[in-house]
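Worth saying up front: this structure is predicted, and the values here are computed from it rather than measured. Per chain, numbering begins at 1; letters A, B, ... match sequence-line order.
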Amino acid sequence: MAAAQAAAGSGAHGRFTGAGLRRVAGKLGGLALTLFLASLLVFFSRFLVPGDPVSFLLRGRKPSAEAVAQVTAQYGLDLPPWQQYLDWVVGALHGDFGRSLQFRQDVATVIGDRLPVTLMLVVMAGIGIAVVGVGAGIVAALNRGKALDRVTLIGLTVLSAIPSFVGSIVLISVFAVQLGWFPTFGSGDGFGDMVYHLVLPSIALAIVFVVLVGKVTRSSMVEQLGREHVEVATSRGLKRGTVIRRHVFRNALGPILTVSGVLVAGLIVASTIVEAAFGLSGIGSLLVQSVDRLDFPVVQAIVMFVVTAFVVVNAVVDVLEPVIDPRSAAGAGAR
Amino acid sequence: MSLLDIRNLTIDLADGRRLLHGISLGVAEGETVGLVGESGSGKSLTARAVLGLTPTGSRLDGSVMLDGHEVLGAAAREVRALRRHSAAMIFQDPRAGINPMRTLGDHLTETLRLCDGLPAADAEARALDLLAAVRLPRPADHLTQYPHEFSGGMLQRVMIAGALTSAPKLLVCDEPTTALDVTTQAEIMRVLVEQREGRGMGMLLITHDLALAASVCDRLVVMRAGRVEEEGSAMRVLVAPEADYTRRLVAATPTLAAGPAASAEPPEAPTASAPAGSGPGSSDAPSAAPAPALSVTGLSKTYRPRGRPPVIAVADASFELERGGALAVVGESGSGKSTLARMIVGLEPSDGGTLSIGGRDRAAGPRGRAERLERARSVQMVFQDPYLSLDPRVTAGRSIEEALRLHTRMPRAAARNRAVELLERVGLTAEHAAARPRTLSGGQRQRVAIARALAIEPEVLVMDEATSALDVSVQAQVLDLVAGLRRERGLTLLFISHDLAVVRRVCEQTLVMRRGEVVERGATAELLDAPRHPYTRLLLDSVPRPAAPADSVVAPR
Amino acid sequence: MTTPTLAMRVLRAPRASFIGRPTFTVAVLVLAAMTLGAVFAPAIAPYPPDAPDFLAVNAPPSPAHWLGTDGLGRDLLSRLLYGARTALLGPLLVVIGSTAVGMLLGLLAGWRGGWIDAALGRVFDVLFAFPSLLLAIMAVALFGKGLVAPVIAMSIAYAPFVARLTRSLVKAERTRPYVAAYRVAGFGGAFIAFRSVLPNVTPIVGAQSTLNFGYVLAELAGLSFLGLGVQPPTPDWGAMINEAQAGIVGGHFLPAIVPAVAVVIAVVAVNIIGEELSDRIGGGAPA
């Protein structure tokens, strides 16, 4: 007892002090290591392909002596592999991913031109997923076992089976071609027009992912609803709304945030399909185009971009965890 | 006027099962009533119904009058008002009962701020008063702390303070100390009784522990399977129980006094041990006798978690256990008793010291299959949690067969017969052989675990809190079984327990541990009647005892 | 511990079974019918999959063409039946491959712990950063279009999910007293790991893998839709939609909608089966 009291005294307000900083530093270290290993995979994957690297990079193009010399010089293909890797990484850290074979421009420029559309698409879809998913999850959890819960769950299961290319063609068929409410093609000019153009694509993109957030919200809420501290709060005469807000939803946030973090990379990748379906000029369609036209430097850069986005977003979620759950700051892993 | 009056309360689940069959009980102002029953008796359901907390989809009938208001069928607003001002509840597990993601200050002031509209500063002042009243050391600091920074006992004080914020007239306590150590239990009960007396509250104490209830309550209500079996003054129910069930319950309840309950004590096993001396490591008897079944000298274990100070789990433990003897190791959580058991059965390597079983050194881990099997034949263990210690996929019979076939190369059919024999020996039948653990009760599972341990015919059997998860009546049956097996087979037993009263039934010798150290050892009867070490005395004083009629203080010191 | 473990733990948290027994039966029958259709496509398809009928281009459903025809006058029902072969076989291979590899690695990491666990955990962390579709696209960029490279890539991409789940289950099992009881009884580590722990975690992992089947099916079809997977004129659901896309603006919805509906029905059926299995099994394993 005395020992417990002493323990309760120390370590009290240490949420963002020494231990907290060490935690963040550890996370950053892990992030750097993951990115480093991922970059190895992205770069050296090229060496998995049997044969001569020059002819790999120039697949489908005329291998003129001039082109061979240019590619060899540009990628340092005559250098040892680790040297090539170092050059690539150092360049990438400076925003230089080499030159695109198809556009004869810097890869960074090519990607930069197309980034806004993809980001806008992902943001719009993300907001939709969060609102609809969390909303559906809450409705289902609060009506657990009743008809509304069943309907919500069945709805989510059906939505989860509509891949974005199916969603795209259905939305185009109905709302763009038949009803003519939305454009079928392109991303528009200016902010307002862009939002308008991206309504259907963002819906098509969001459909599959709503189910993840919805189910996690539901099960996390249901789990909390069954907790004894919720019963205690109820027994103390708090209104149901207050109990739900302060003790159920608040405590259920952690898993919801976690899943949302995992979604980000999935959204960027899935936008390749939506962009292709709606003829949007984003990095997703650029990726497909580059694979199609054998422009490997662009592929590498985009893959690295997606991976980085995933790792960074998840590191942010990790670092935020103690704000939501004080126990994780203390390293008391218990739930 | 009676504060709480429950009449003919029935609860039916949505699927039609009836959980309560017409319960009636009352609590007068300032009165303490104990509601006693084993698991499944419906005592917690009854307690929750007082505050209008009922299983979803259940149907209630009868009447629950709280502070002059009917709870059943009342509007949500009325029920909330009753919860705010008439009754408050204290739950079993404070760690589960306080939101882990909010500060204790938030827990304490939330209802004051949100329901009574008190300004934050006033609410905090009230919280500080209450934290001081339940004797927490630094109230001002505690307001900004989180539950995970506290021990279970301290959290239960916070829970009590939280219940008191609404100045309730009735305090409903649902097993408030079951999750706690015995010394902490005594402290918490003292705080509860103190607050009840100081505030003139009525109290409804729900517990499975007859002795605890009798020690603080004016009246007792005994429940079983959704019915009230008996009701009366605490002394009367305990001393002269009328209902059959209550009589059995009283008989099964282990007590410290060597009363009639001690009849289950096994007849004296080989008495070579003589009246053993007391004090740690006092087993330096002349070694003309054959090697003891179990001998431990200077055994220690220290855990070194990363980034935290090392924890000494067991420090320099020494003792011997003769063949056919039974030694109890008693201690509270964190005493190192389970670590000691795990080292003896080889689940945990030791840091230092010697361990020999049946005269063979067993301190080092076994190398190779033969050594492993030999080690297993030296000692077997029955674990605490009967729900987790059997492989969920494997039937009772097969789990015994597997052990038999591993050790004896018995043909399959012979092993099967032997398994059934063993099951019958522990009071089960051949039909249980085909049952998966899921379909067995807690007591049946522990019997299967004992049968499996016996199949290997070990020199020593270790039981690690093997009966503490069981209801008292089931516990009594399992203890009787163990006593019978000792008589019959001369089984050597090491019995780990937190419960001094249980120990008296099973073991001639007892060893008390605290924070990794052996503080006292001696013959059980002597140790319980005349403890020498202050800690043993504290432990004994903390065990709830029905108060003598004139005496209403809990756990006299 | 990084995030996906938590995500998966949450995903398999107990939930009320909202799928009735009849729904489950229907899902099983639908999937069985699709499988049979794929296997016996040559016997039951009314036309060869790439036989054009120039008199019936973009035709609506008729007795001759039950589901109509596409822009080249090919019979949609026949193409659908043949297309089921690649659509179902790809995911099957991915699920088998990722489950086998993932379970073994997960058992290794969870049972042995220590540096093996740490090293494997790091590898999984890295692979998690590559969404499966991205890895599949990268494989196509390296090895060319078709189904082989993406199937291998996706097996690799899904294995860490299975491994993580297996690992966390095994780790939890390992601390259960029944494992300690086996040890005390003298059983060896290999026996406990393979004969007791592995069978105890297999049902949960299996149900989760069934759910992966739906995702993989959608993703591989998506890859073909992008023109990176199965190449025309080979009939494949994704590739059919790709080919039909140009016709949509002209109002010819059927050639795209028919395979799209097939994808949705297949995924719904598989997901219902997976959910129901998870629900049934979830009850048996205390979390």
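Residue C/F143 places its CZ atom among more than 12 non-hydrogen atoms of other residues, nucleotides or ligands, all under 6.0 Å distant.
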Using the rule given for side-chain contact (heavy atoms from CB on, under 4.5 Å), can you reason through A/I169 versus C/F253, listing the C-alpha separation, both sets of side-chain angles and the distance that settles it, and then say yes or no?
CA-CA 9 Å; A/I169 60 157; C/F253 302 132; over 6 Å; no
Decide side-chain contact (heavy atoms from CB on, under 4.5 Å) for A/T34 and C/R122; before the verdict, give the C-alpha distance in whole Å, the side-chain angles of both, and the deciding distance to 0.1 Å.
CA-CA 7 Å; A/T34 305; C/R122 181 55 64 184; 2.9 Å; yes
Decide side-chain contact (heavy atoms from CB on, under 4.5 Å) for C/L133 and A/I273; before the verdict, give the C-alpha distance in whole Å, the side-chain angles of both, and the deciding distance to 0.1 Å.
CA-CA 10 Å; C/L133 187 60; A/I273 289 173; 3.9 Å; yes
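In this structure, the portions of A/V303 lying under 4.5 Å from any heavy atom of chain C include both its backbone and its side chain. For C/A139, no part lies under 4.5 angstrom from a heavy atom of chain A. Using a 4.5 Å cut-off between heavy atoms, C/L228 contacts chain A through its side chain alone, with no backbone atom that close. Using a 4.5 Å cut-off between heavy atoms, A/V208 does not touch chain C at all. Heavy-atom distances place the side chain of A/V177, and not its backbone, under 4.5 Å from chain C.
Not counting sequence neighbours, the partners of A/F182 by the ring pair (Phe, Tyr, Trp, His ring centres under 6.0 Å) test are A/Y196.
Here the closest heavy-atom approach between residue C/P131 and residue A/G266 is recorded as CG-N, 4.4 Å. Of all non-hydrogen atoms in A/A161 and C/V268, the two that sit nearest each other are CB-CG2, 3.2 Å. Contact between C/E275 and A/T157 at its shortest, heavy atoms only, is OE2-OG1, 4.5 Å.
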Taking only distance into account, with no hydrogens and no angle test, what donor-acceptor pairs under 3.5 Å do side-chain atoms of residues 240-252 of chain C form with protein atoms, sequence neighbours excluded?
| unit_1 | atom_1 | unit_2 | atom_2 | d |
| --- | --- | --- | --- | --- |
| C/N242 | ND2 | C/F225 | O | 3.4 |
| C/E243 | OE1 | C/R74 | NH2 | 2.9 |
| C/E243 | OE2 | C/R79 | NH2 | 3.4 |
| C/Q245 | NE2 | A/A277 | O | 3.2 |

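Highest contact tally toward chain C, considering only A/I172, A/D292, A/I302, is held by A/D292 [criterion: heavy-atom pairs under 4.5 Å]. Chosen from A/A140, A/P163, A/S290, the residue pairing most often with chain C at heavy-atom distances under 4.5 Å is A/P163. Annotation: maximal heavy-atom pairing with chain C below 4.5 Å, among A/A276, A/A38, A/S173, occurs at A/S173. Top candidate by heavy-atom pairs under 4.5 Å with chain C, chosen from A/V158, A/V170, A/T272, A/V311, is A/T272. Per-residue counts of heavy-atom pairs under 4.5 Å with chain C were compared for A/T308, A/I162, A/L41; the largest is that of A/L41.
The OG1 atom of C/T23 lies 6.5 Å from the CD1 atom of A/I154; values are rounded to the nearest 0.5 Å. The distance from atom CD of C/E219 to atom CZ of A/F165, rounded to the nearest 0.5 Å, is 10.0 Å. In this structure, CG in A/L287 is found 6.5 Å from CG in C/L134, a value given to the nearest 0.5 Å.
Put simply, the side chain of C/F128 does not reach to within 4.5 Å of the side chain of A/V262, judged on heavy atoms.
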